[in-house]
Colleague: 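Sending over a structure as structure tokens; questions will come in a sec.
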Amino acid sequence: MKDISQIMRQAQAMQAKINEAQKKLEAMEVEGSAGGGLVKARISGKNALLGLTIDPSLMVAGEQEILEDLVKAAHDDARRKLEDAQNEEMKGLSGGMGILPGFKMPF
């Protein structure tokens with residue numbers, strides 16, 4: 001049976017790794033696109049919209065629904081990419097710990 005102080009040191013080391021991973025995840029930035037790259041959305045690791053680029057060719061009167069759909073699609077693409085990147089980052093941290101698939105950090 002392990003000594004309680006050794007268990008505490010392991011728990012502190014794991015907490016430090018989790019804190020480091022959380023900061024790295026929050027600092028991530030990803031870009032999603034739609035319409036063949038005509039609309040691009042850039043988001044942070046906290047899902048905040050950092051930037052939106054719209055090709056001028058889409059600025060046509062009466063076509064606002066198409067543009068709205070492309071903006072939503074670009075944002076959704078960015079969110080999927082962010083989730084994939086965060087899941088990949090967490091694989092290294094959770095290796096061997098038995099964390100359930102789909103587990104999300106509380107932020």
Colleague: Quick one: pull up NZ in Lys17 and CG in Asn19 and give me the separation to the nearest 0.5 Å.
Modeller: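 One finds 12.5 Å between NZ of Lys17 and CG of Asn19.
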Colleague: Tell me whether Val71 shares a hydrophobic cluster with Ile66, the cluster being built from Ile, Leu, Val, Met, Phe, Trp, Tyr side chains joined at under 4.5 Å.
Modeller: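 Val71 and Ile66: one cluster.
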Colleague: Roughly how far, to the nearest 0.5 Å, is CG of Leu38 from CD1 of Ile54?
Modeller: 10.5 Å
Colleague: With a 4.0 Å cut-off on N to O distance, would you call Glu88 and Lys91 a salt bridge?
Modeller: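 Yes, Glu88 and Lys91 are salt-bridged.
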Colleague: Can you tell me how far CG of Asp77 sits from NZ of Lys40, rounded to the nearest 0.5 angstrom?
Modeller: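 It comes to 11.5 Å.
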Colleague: Can you tell me how far apart CG (Asp55) and CG (Leu70) are? Round to the nearest 0.5 Å.
Modeller: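 Interatomic distance, Asp55 CG to Leu70 CG, rounded to 0.5 Å: 10.5 Å.
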Colleague: Can you see which heavy atom on Gly45 is nearest to which on Leu82, and at what distance?
Modeller: CA-CD1, 3.8 Å
Colleague: When you group the ILVMFWY residues by side-chain heavy-atom contacts below 4.5 Å and let the links chain together, are Leu25 and Leu49 in the same group?
Modeller: yes
Colleague: Compare all side-chain heavy atoms of Met14 with those of Gln10 and state whether any distance is below 4.5 angstrom.
Modeller: no
Colleague: Heavy atoms only: give me the nearest Leu67-Val39 pair and the separation to one decimal.
Modeller: CD1-CG2, 4.2 Å
Colleague: Any chance CD of Glu29 has more than 12 other-residue heavy atoms, nucleotides or ligands included, within less than 6.0 Å?
Modeller: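 Check passes, neighbour count above 12.
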Colleague: Supply the atom-to-atom distance Asp84 CG to Glu89 CD, rounded to the nearest 0.5 angstrom.
Modeller: 13.0 Å
Colleague: Between atom NE2 of His75 and atom CG of Asn47, what is the distance when rounded to the nearest 0.5 Å?
Modeller: 6.0 Å
Colleague: Which heavy-atom pair separates Ala78 from Glu31 by the least distance, and what is that distance?
Modeller: CB-C, 4.2 Å
Colleague: Please check if atom CE in Met59 has more than 12 non-hydrogen atoms from other residues, nucleotides or ligands closer than 6.0 Å.
Modeller: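 For Met59, atom CE is crowded (more than 12 foreign heavy atoms under 6.0 Å).
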Colleague: Taking C-beta and beyond as the side chain, do Glu26 and Gln22 meet within less than 4.5 Å on heavy atoms?
Modeller: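 Contact flag for Glu26/Gln22 side chains = yes.
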Colleague: One thing to verify: whether Arg79 and Asp76 come together as a salt bridge, which I'm taking to mean a side-chain N less than 4.0 angstrom from a carboxylate O.
Modeller: yes
